[in-house]
Colleague: 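So that we are looking at the same thing, I have put the structure below in structure tokens.
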Amino acid sequence: MTRKAPQTVRDSFQLIEDKMMRGPYVMGDTYTIADLYLLALSRWLPASGLTVADFPKIDAMINRIMERPAVQKVVAIH
């Protein structure tokens with residue numbers, strides 16, 4: 001698991017980056033729960049030796065989401 005997990009995480013995020021991002025948000029032009037879920041998952045990337053900057057489309061989406069006051073408030077709490 002220790003050896004395989006980082007590659008699996010990288011492969012999963014690369015799949016999202018390359019095939020699933022349909023616009024500025026995961027589902028296209030609309031901000032959905034999928035974006036928040038991907039934000040939550042992205043916070044686990046450093047445990048696999050990765051950063052969200054390794055995935056430019058996801059990184060841009062997360063930066064957009066982090067500009068939202070409600071998201072900032074929740075992130076500050078956690």
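Keep in mind that the numbers below use all heavy atoms, side chains included, and drop hydrogens, waters and symmetry copies.
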Colleague: Drop me the distance from Gln14's CD to Met20's CE, to the nearest 0.5 angstrom.
Modeller: 12.0 Å
Colleague: What is the distance from atom CG of Leu36 to atom CD1 of Ile33, rounded to the nearest 0.5 Å?
Modeller: 5.0 Å
Colleague: If every non-hydrogen atom of Pro6 is compared with every non-hydrogen atom of Ser48, which pair is closest and at what distance?
Modeller: CB-O, 3.6 Å
Colleague: Output a table of donor-acceptor pairs, distance under 3.5 Å, between side-chain atoms of residues 50-70 and any protein atom two or more places apart or on a different chain; print 'none' if there are none.
Modeller:
unit_1	atom_1	unit_2	atom_2	d
Thr51	OG1	Ala53	N	3.3
Asp54	OD2	Thr51	N	2.9
Lys57	NZ	Glu17	O	3.4
Asn63	ND2	Asp59	O	3.2
Arg64	NE	Pro24	O	3.3
Arg64	NH2	Pro24	O	2.4

Colleague: Taking atom CG as the centre, does Asp29 end up with more than 12 heavy-atom neighbours from other residues, nucleotides or ligands that are less than 6.0 angstrom away?
Modeller: no
Colleague: Output every pair passing ring-ring contact (aromatic ring centres under 6.0 Å, His included) with a member in residues 56-78, not counting sequence neighbours, ordered by first then second residue.
Modeller: none
Colleague: Please collect all ring-ring contact (aromatic ring centres under 6.0 Å, His included) contacts where either partner lies in residues 25-50, sequence neighbours excluded, each pair once.
Modeller: Tyr25-Tyr31
Colleague: Between Thr30 and Asp35, which heavy-atom pair has the shortest distance, and what is it?
Modeller: O-OD2, 3.8 Å
